[in-house]
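Reckoned from all heavy atoms, side chains included, excluding hydrogens, waters and symmetry mates.
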Amino acid sequence: MAANQGLLRRITARPDVLGGKPIVRDLRISVELLLGLLAQGVAPEEILDDYPGLEQDDMCTCAAYAHAVTARRLLATDRRRIVQLRANTMLAALHG
């Protein structure tokens, strides 16, 4: 987890750059672009060749960012489900 936190420091977001999208090391290369390329099957080595300012750790950073965002959303969804289940249980007990 600590390694992911270190990687995530490479991600920045500024309102004046790409509309505030998360970018890698202030390079004006969005995390979304890199994840999209990877999702299309473009090899990390090819991406690194096409974007000389990028480093191998930047590719890992994008994966860590995607993981963190997904984990946070899943956790929030699980919390909402628990709250809804408790509310349904309470309503059933009142009307039961």
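Between the CZ atom of Arg28 and the OG1 atom of Thr12 there is a distance of 10.5 Å, given to the nearest 0.5 Å. Put simply, CG on Asp49 and CD on Glu46 are 7.5 Å apart, with the number rounded to the nearest 0.5 Å. Distance CG/Leu34 to OG1/Thr61: 10.0 Å, rounded to 0.5 Å. Atom CG of Leu7 is separated from atom SG of Cys62 by 10.0 Å, given to the nearest 0.5 angstrom. Rounded to the nearest 0.5 Å, atoms CD1 (Ile29) and CG (Asp58) are 8.0 Å apart. Taking CG from Leu18 and CD1 from Ile23, the interatomic distance works out to 6.0 Å, rounded to the nearest 0.5 Å.
No continuous path of ILVMFWY side-chain contacts below 4.5 Å connects Tyr65 to Val17, so the two sit in separate hydrophobic clusters.
Residues Ser30 and Leu33 share a closest heavy-atom pair of OG-N, 2.9 Å. Closest non-hydrogen pair, Leu35 versus Ala63, comes out as CD2-N, 4.4 Å. Smallest separation of non-hydrogen atoms from Gly20 and Ala13: O-CB, 3.4 Å.
Looking only at side-chain heavy atoms (C-beta outward), Leu38 and Met59 come within less than 4.5 Å of each other.
The neighbour count for Glu55 CD, taken as heavy atoms of other residues, nucleotides or ligands under 6.0 Å away, is above 12.
Distance alone, capped at 3.5 Å, is enough to place a donor-acceptor pair between the Arg25 side chain and the Gly53 backbone.
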